2 protein chains.
Amino acid sequence: MRIAQPSFSTRERILGVAEALFARHGFAGASLRQVTAAAKVNLAAVNYHFGSKESLIEEVFRRRLDELNRHRLAALAAVEATPGHALEDVLAAFIRPALEQSMDSAGGAAFVRVLARAYAEHDERLRKFLSDNYGHVLREFAAAFSRLLPGLDREELYWRLDIVAGALTYAMADFGMIKRRASTSEETHRELTAEHLIRFAAAGLRAPGPVANGEQRETGGAA
Amino acid sequence: MRIAQPSFSTRERILGVAEALFARHGFAGASLRQVTAAAKVNLAAVNYHFGSKESLIEEVFRRRLDELNRHRLAALAAVEATPGHALEDVLAAFIRPALEQSMDSAGGAAFVRVLARAYAEHDERLRKFLSDNYGHVLREFAAAFSRLLPGLDREELYWRLDIVAGALTYAMADFGMIKRRASTSEETHRELTAEHLIRFAAAGLRAPGPVANGEQRETGGAA
DNA sequence: GGGCCTGTCAAACGACCGTTTGAATGGTAG
DNA sequence: CTACCATTCAAACGGTCGTTTGACAGGCCC
């Protein structure tokens with residue numbers, strides 16, 4: 001498993017290797033001994049450069065999340081600057097940077113699994129850290145969506161954006177069981193994923209709002 | 001943190017507590033000492049009843065997944081037995097049992113986080129185990145959806161079902177950052193989640209298919 | 001009764017954990 | 001050259017890990 005690249009500094013090698021190993025084995029499952037061995041640095045280097053394992057984990061997060069947020073907001077700004085932009089364009093600005101990062105060559109693929117794991121761990125500290133950063137971006141996108149979907153109230157929009165974020169997170173981590181075809185390249189696969197997500201999400205966001213008390217469709221009595 | 005109920009057998013107490021602790025701290029993060037202490041059983045009981053920690057993890061999985069599959073297939077059968085059933089009914093058969101289990105009182109909530117974690121771990125053994133069970137159910141649902149969406153080819157349908165599964169998984173784990181309101185009960189929240197998911201997914205599944213080579217909508221050139 | 005199986009228990013095993021220490025290293029400024 | 005500082009290193013620290021062991025208790029059949 002070649003991970004380390006000797007041309008990078010000790011600090012950067014640790015970050016890259018830690019990202020990969022945290023993704024593969026979890027925060028508790030990947031030890032500093034494994035990390036430092038794979039990065040070909042001394043065991044004490046982690047505590048020297050980062051202070052503790054916990055701080056190393058945070059730094060792994062900050063690096064990638066900042067990058068993702070920058071790309072997303074830049075894409076959103078570009079879209080909003082073009083008059084007559086459509087729902088699909090804003091969705092693309094939200095979805096494409098995430099998928100690109102999730103499949104880039106330099107460990108970004110590992111990071112999304114780290115992210116998914118952090119969600120699953122329900123670690124309140126990391127959760128708050130994520131909410132502080134990610135929440136801000138989400139709110140900007142919510143405003144952009146709101147302008148294109150004037151019929152949707154704020155509550156309903158947030159519900160639907162949350163569903164989009166869920167489907168995207170799932171896709172980023174390559175969780176899917178029926179998708180990946182060996183015959184298609186990573187890049188083609190990413191493009192297909194983006195197109196399907198955008199088309200699906202656009203339809204979902206445009207769905208008619210919840211029916212009021214009157215004529216409700218009958219729901220099967222099963223389960 | 002009261003978890004154990006003394007009226008259950010040692011084996012069942014271990015399973016329940018392990019599920020909760022694995023969800024909270026991860027497979028590597030939750031130790032057998034924590035599990036056995038919380039379950040008020042001897043440390044050696046895990047190895048006695050399950051053989052190893054790894055086998056305990058598998059058993060935690062099997063128990064809940066079997067239950068979920070049973071509920072889903074029963075709901076699907078009931079829906080399909082009613083003539084004139086709609087897309088929303090099949091979606092409900094897929095979504096509602098999962099959300100119900102994810103919020104039931106006896107540790108089901110913990111399980112979905114365990115499930116999400118297993119996805120994130122990319123552990124091939126667990127992944128195959130999941131694929132063997134879950135894949136079968138997914139195929140049955142795919143057939144049911146296919147009958148209601150005759151215009152969608154098999155490939156396109158699988159893509160969209162994968163998106164639905166992703167959004168559902170995310171919702172089950174209560175990953176969302178903008179949803180939960182303190183003023184609504186768990187049950188109300190679950191019902192709201194189900195309704196939003198079903199409405200969103202129905203619209204997404206009914207979206208027009210991918211445009212052929214001709215008239216393609218222009219996608220913003222950003223990022 | 002004696003033999004046997006199931007289940008529980010305290011104690012210990014070696015291995016690995018995150019962190020700390022103090023010495024060695026190498027470049028740079030005075 | 002000397003003094004200094006950032007960095008690296010091997011070694012060790014106390015602690016927790018999953019697992020194993022052997023003793024012990026109770027129910028059940030012969």
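These numbers were taken from a predicted model, which means no experiment stands behind them. So you know, we letter chains A, B, ... as the sequences are listed, proteins then strands, and number each from 1. Any value given below was found using the heavy atoms of this structure, including those in side chains, with hydrogens, waters and symmetry copies removed.
Under the 30°/60° scheme for interplanar angles, the aromatic rings of Phe27(B) and Phe22(B) are found to stand perpendicular. Ring-plane geometry between Phe145(A) and Phe94(A) is classed as perpendicular, the angle between the planes exceeding 60 degrees on a 0 to 90 degree scale with a lower cut at 30.
By the salt bridge (charged side-chain N to carboxylate O under 4.0 Å, His left out) test, Arg11(B) is found to be paired with Glu59(B), residues two or more places apart in sequence or in another chain being considered. Among residues two or more places apart in sequence or in another chain, the salt bridge (charged side-chain N to carboxylate O under 4.0 Å, His left out) test is passed with Glu191(B) by Arg96(B).
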*Using a 4.0 Å cut-off on protein heavy atoms (strictly under), produce a 5'-to-3' string for nucleotides 13-24 of chain C with B for base contact, S for backbone-only sugar-phosphate contact, and - for none.*
----BBBBB---
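Atoms CD and CG, on Glu140(A) and Leu73(A) in that order, are 5.0 Å from each other to the nearest 0.5 Å.
A straight line from CD1 of Ile14(B) to C1' of dG7(C) spans 11 Å, rounded to a whole angstrom. Counting to the nearest Å, the P atom of dT6(C) and the CZ atom of Arg11(B) are 14 Å from each other. The nearest whole Å value for the distance from the NE2 atom in His49(A) to the P atom in dC5(D) is 18 Å.
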